[in-house]
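So the structure is just underneath, and the comments pick up after that.
Computed from heavy atoms alone, side chains included, the values below leave out hydrogens, waters and symmetry copies.
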Amino acid sequence: MAHDPGPAEAGDSKVAQVLNADEHGLQGGNNVSTSAPPIQDYDVERVEKVYRKLDLRIIPAFWALYFLSSAIRSNIGIAQTMNESAGHDLASVLGLSPRDTSTALALFYVSYVLFDLPSNLVMSRLSPRAWMARIVTAVGVVGTCFAAVQAAWSLKLLRFLLGLVTAGMWPGMAYYLTLFYPPSRTGKRIGMYFTASQVSAAVVGLVSAGFQQMDGLRGLVGFRWMFLVYGLLGVVLGISLLWWLPERPLAPGEERVRSWYARWLPPSPEALKGEDAVVHYHDLRRVYHARPWNLRDLWHVLIDWRLWPLVLMYFGVVGVGIGTQLYGNVIISSIDSTFTGVQISLLFAPIWMMDFCAILLVTPISDRFHRYRALFFSAAVCIQIAGLLTVTFALSNPWARYGGLLMVGFGLGPTVPICMTWTSEIFQRRHREVGVAAASALVSGLGNLGSITTTYALYTGWPEDAAEGPHQYRKSNFTMIGILCMSIASSFVMTGLLRIFGNEPSQKISSGGSSAVDSDEYLDGAARREVHQRGFDRMWWNRSSKASPEA
């Protein structure tokens, strides 16, 4: 049936014209075929080579920015026990009550929740590269200011400001990945840079031992040196991201038009050139012809029932993760009161090494079996529950209780990357680009209400938790187990509802200027392959066999 050419066809025609111009080549100067080859003609090795090139450009930058941002956000937790014997810990120097500390920790997540969605929507409208650099630079500036805090009110104000400027970072990173990778490949990549948070937590614990040795140097206590150094490093990294991160990809041969604000920014090299750009175009055509979203599109994302099970999944696991990150050293101290501040710092680090190992082990497998996200997620949450039960009931053996914390760390690792990957996977197909931007921000933002719960209501909020003894923190542990059970239940509810109602592209999206995936006729190469799970195809033990296009 005849129809008018849409943006996808116009883009394909343009690519074909560029490919036919042999004498000029593509923007990288490479010569390629004289006609646009069918999607299925690109073998898996060629496609994977392109994504490995993108990995080298994007993942190290994301790892570095997330490492420093996580350190700046969480170093307040370790500051609570630094140089405690000398009276130079955070609470003693600033005269903080337990309630002041809890309020300061929670205020970060209050502003984070409020501004996460607006930040991510702005990022989708402007330059993602510039917006990410803005976030990291601002985080570094605020982090540096922590070195000057003198009272409870200034600590609370800076924590609120830190949440405000950090808002949009985590969902923005997930959104940014969808501009370069198909959903079935994002879980592994999110896991790769999410390990920065775990390494950061471990490094903050280990390096804090060194900062404690600097206590009193040039009149600054140890935790002030820690805040100052991490903050300044964040500023330097944020500015460097303007040259490091690439802009969103353009169809081969298309000229990049710089907006008024981009003219003041340094240009960044294109992520892909030459034939690599053509291969990527055919494999992920949907991102090259995305239609600008409007408020009606955003409204349909907000009222989509698929959003809320994901929010509850994230609520539980991120609440437990942040609770462990901010209060892990306090829990270790309660296990054995004879531990020194340096010993606590050293024991804190292995929790995040377990987290790190679990991410590297589980997230690549969850991509290969992307239809079973709920099973991978729930199995990891069950390990966390087992760890919390061990911490709560193994009262006669302090090292067994510490082993329970290691189990919590291992179980935490894959849960957040899997949850964010599943969000992108569902909402990119359902609502296109605005779906990923809005849903990832709402899952991250509203889900972080769990962080407010664990930082404000737990571990210091109840008299039973404040009382010394073997049962200290028992009720807080039970509460964390309860919200983890809610996360598991939500993942299976989501799976069941998707089986019943499906996840077809929304028919309520405006028809004008539709995306390249609005019709099955324009399914890109990645979408065709994602009909089948990769499983354990093309693993090291069977790579000698010839790969099929569906691998």
Side-chain angles (χ1 to χ4, degrees), residues 3-20 26-28 30 32-33 35-44 46-51 53-54 58 124 128 175-186 189 246-256 270-293 297 370 424-437 503-506 509-532 549-551:
H3 59 281
D4 294 329
E9 294 167 288
D12 291 344
S13 176
K14 190 169 188 177
V15 172
Q17 292 172 12
V18 175
L19 287 168
N20 283 326
L26 288 175
Q27 51 186 304
N30 297 338
V32 295
S33 171
S35 60
I39 294 169
Q40 61 269 25
D41 281 359
Y42 291 118
D43 60 40
V44 178
R46 188 71 184 86
V47 173
E48 288 185 350
K49 182 180 177 182
V50 169
Y51 287 119
K53 285 187 177 181
L54 289 172
I58 297 171
S124 70
Y175 163 75
Y176 187 96
L177 281 192
T178 63
L179 303 179
F180 296 93
Y181 300 93
S184 62
R185 293 179 181 268
T186 55
R189 273 76 186 183
E247 287 287 7
R248 64 183 304 155
L250 293 178
E254 186 176 348
E255 295 285 338
R256 187 175 297 281
E270 296 294 335
L272 296 169
K273 297 180 180 180
E275 190 177 359
D276 289 335
V278 178
V279 172
H280 187 263
Y281 174 83
H282 282 291
D283 201 59
L284 202 62
R285 203 176 305 180
R286 72 196 85 167
V287 304
Y288 289 89
H289 304 296
R291 175 184 53 80
W293 56 269
D297 299 329
H370 62 272
S424 297
E425 198 168 47
I426 290 170
F427 280 86
Q428 187 181 67
R429 176 169 174 77
R430 181 75 179 164
H431 295 284
R432 317 296 187 261
E433 191 166 311
V434 67
V436 177
N503 190 49
E504 295 304 313
S506 175
I509 294 179
S510 304
S511 58
S514 56
S515 171
V517 295
D518 283 347
S519 167
D520 288 343
E521 185 179 356
Y522 297 114
L523 283 175
D524 54 35
R528 294 188 185 189
R529 288 195 307 277
E530 286 169 354
V531 172
H532 306 282
E550 291 82 14

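Once rounded to the nearest 0.5 Å, the distance linking CG of D276 with CG of L54 reads 8.5 Å. Distance check: E433 CD to R248 CZ gives 4.0 Å after rounding to the nearest 0.5 Å.
Residues passing the side-chain contact (heavy atoms from CB on, under 4.5 Å) test with T178 are Y175, S424, Q428, V436, sequence neighbours excluded.
Shown here for L284 and Y181, the closest heavy-atom pair between the two residues is CD2-N, 3.5 Å. Between P128 and E247, the closest heavy-atom pair is CD-OE1, 4.0 Å. Between Y288 and P249, the shortest heavy-atom contact is OH-CB, 3.6 Å.
Counting heavy atoms from C-beta on, the side chains of P183 and F427 never come closer than 4.5 Å. You'll find the side chain of E48 reaches within 4.5 Å of the side chain of R185, heavy atoms only. Side-chain contact between Y51 and H280: present, with at least one pair of heavy atoms (C-beta onward) separated by less than 4.5 Å. Side chains of V279 and L272 form no contact here, defined as non-hydrogen atoms less than 4.5 Å apart. A heavy-atom distance below 4.5 Å is not found between the side chains of D297 and R432.
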Q.
salt bridge (charged side-chain N to carboxylate O under 4.0 Å, His left out), that's the test. Do E504 and R429 meet it? Break it down for me.
A. CA-CA 7 Å; E504 295 304 313; R429 176 169 174 77; 2.9 Å; yes
